[in-house]
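Data first, discussion second: the structure below is written as structure tokens.
All chains are named by letter (A, B, ...) in the order of the sequence lines, taking the proteins before the strands, and each is independently numbered beginning at 1. Because the structure is predicted, anything quoted here is derived from the model rather than measured.
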Protein chains: 2
Amino acid sequence: MGISNINIAEQIKKTGLKLTTQRIKILEAIYYLKNHPYAEDIIKHIQADNPAISQGTIYKTLDTFVEKGIIGKVETSGGTFRYDGITKMHHHLQEEGNSRIEDYFDEDLNQLLVNYFSSKNIPGFKVQDVKLHIKGKFKT
Amino acid sequence: MGISNINIAEQIKKTGLKLTTQRIKILEAIYYLKNHPYAEDIIKHIQADNPAISQGTIYKTLDTFVEKGIIGKVETSGGTFRYDGITKMHHHLQEEGNSRIEDYFDEDLNQLLVNYFSSKNIPGFKVQDVKLHIKGKFKT
DNA sequence: ATTCTTGCAAAGCATTTGCACCCTG
DNA sequence: CAGGGTGCAAATGCTTTGCAAGAAT
């Protein structure tokens, strides 16, 4: 479990959105399918138990959630999207020619970046957030 | 100008690909349209002068060039691709809700990253390349 | 000559849209 | 009961594909 239903309902409510069964199921699915699910994964997972929840609704809702900032949209090199229930600062490990993506949490690195960009001034640009795409090889 | 035709021809040849008019025009277009063009921009630019060069060929060629590493493919949050004639290490500045992308070159930052990841060991992963997506606001 | 490329047009596929109906607050 | 949310199915739009004809080495 880890994340209770009450928590999910509250997450949705605090955005000002109406609380619907569909939205609850969708957010549950994202938390359940931890590993950066594709829209397709989310749709399948939900429709297995709730065939009446439509694809269109799921896409719309994912967009809405991303807009409200309660989930993240991960850019892929394949042109399809993946979603991400994690909001706290993290980076992504990726291997070329492989769909695997792992989250990478590193407080030292975050600190280093924050320090660097607080002293470094990029002319004409105000930095708000930094995310690393770390490419390499998985050893496992 | 900046990049001569001879240079372009050589870039293509050194990949082992056959040198065709289409490939030259396509690579020229990417260098000409500096600012991370979409496939669509490249197609329009080429077809203005060379209506006979087909869309399909342009897509195929872009893929080929990316595979050979002479151009880069930029991930966007919109699901479409953008291309990038620059191969040397650089990062991207992006603004939310805005299609603008600027390249960001910063040798100090590169050095910092190289240092950091040469001493930091990520369990189960071997780092090869790091790219920053820096989000914020353009002041201009 | 042989192999790689191209053009064309159709297909593919993830995502979006329009609209009537329905439910939440 | 008012306005937002949903389902359906069709449409959109970027990208890919198959194949016959053409060009490069």
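Under the 30°/60° scheme for interplanar angles, the aromatic rings of A/F117 and B/Y104 are found to be tilted.
Each of B/Y83 and A/T61 was assigned the nucleotide of DNA chain D with the nearest heavy atom; the assignment lying further toward the 5' end belongs to A/T61.
Partners of A/F105 by ring pair (Phe, Tyr, Trp, His ring centres under 6.0 Å), not counting sequence neighbours, listed by chain and number: A/H90. Listed by chain and residue number, B/H133 satisfy the ring pair (Phe, Tyr, Trp, His ring centres under 6.0 Å) test with A/H133 (two or more places apart in sequence, or in another chain).
A/V74 and A/V66 are not part of a single hydrophobic cluster, where members link through side-chain heavy atoms under 4.5 Å apart.
A/D103 and A/H91 form no side-chain donor-acceptor contact under 3.5 Å, judged by distance and modelled atom types alone. For the 3.5 Å distance criterion, the side chains of B/N110 and B/E107 qualify, holding a donor opposite an acceptor.
Here D/dT16 presents its C1' atom at 15 Å from CD1 of B/I58, a figure rounded to the nearest Å. Here D/dG7 presents its C1' atom at 18 Å from NZ of A/K25, a figure rounded to the nearest Å. Taking atom CG of residue A/D63 and atom C1' of nucleotide D/dG5, one finds them 14 Å apart after rounding to whole Å. To the nearest angstrom, P of D/dT6 lies 11 Å from CG of A/L62. Computed from coordinates, the A/K73 NZ to C/dT16 C1' distance equals 11 Å when rounded to whole Å. Rounding to whole angstrom units, CD of residue A/Q55 and C1' of D/dC8 are separated by 11 Å. Taking atom CZ of residue A/R23 and atom C1' of nucleotide D/dT6, one finds them 9 Å apart after rounding to whole Å.
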Annotated structure of DNA chain D as dot-bracket, pair cut-off 3.5 Å, Watson-Crick or G-U only, | for inter-strand, is |||||||||||||||||||||||||

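Ion pairing of B/K25 with B/D49 is absent here, as no side-chain N (NZ or NE/NH1/NH2) approaches a carboxylate O to less than 4.0 Å. Under a 4.0 Å N-O distance rule, the pair A/E10/A/K14 does not qualify as a salt bridge.
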Which nucleotides of nucleotides 17-25 of chain D have their base under 4.0 Å from a protein heavy atom (B), which only their sugar-phosphate (S), and which neither (-), written as one string 5' to 3'?
-> BB-----BS

Does the side-chain hydrogen bond (donor to acceptor under 3.5 Å, both in side chains) test come out yes or no for A/N7 and A/Y31, once each step is laid out?
-> CA-CA 11 Å; A/N7 216 318; A/Y31 289 141; over 6 Å; no

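Residues of residues 34-54 of chain A having a heavy atom closer than 4.0 Å to DNA chain D, listed by number: A/A52, A/I53, A/S54.
Under the 4.5 Å side-chain criterion, counting only non-hydrogen atoms from C-beta, A/L27 is in contact with A/I71.
The ring-ring contact (aromatic ring centres under 6.0 Å, His included) pairs that include a residue from residues 37-88 of chain A are A/Y32-A/H45, where partners are two or more places apart or lie in different chains.
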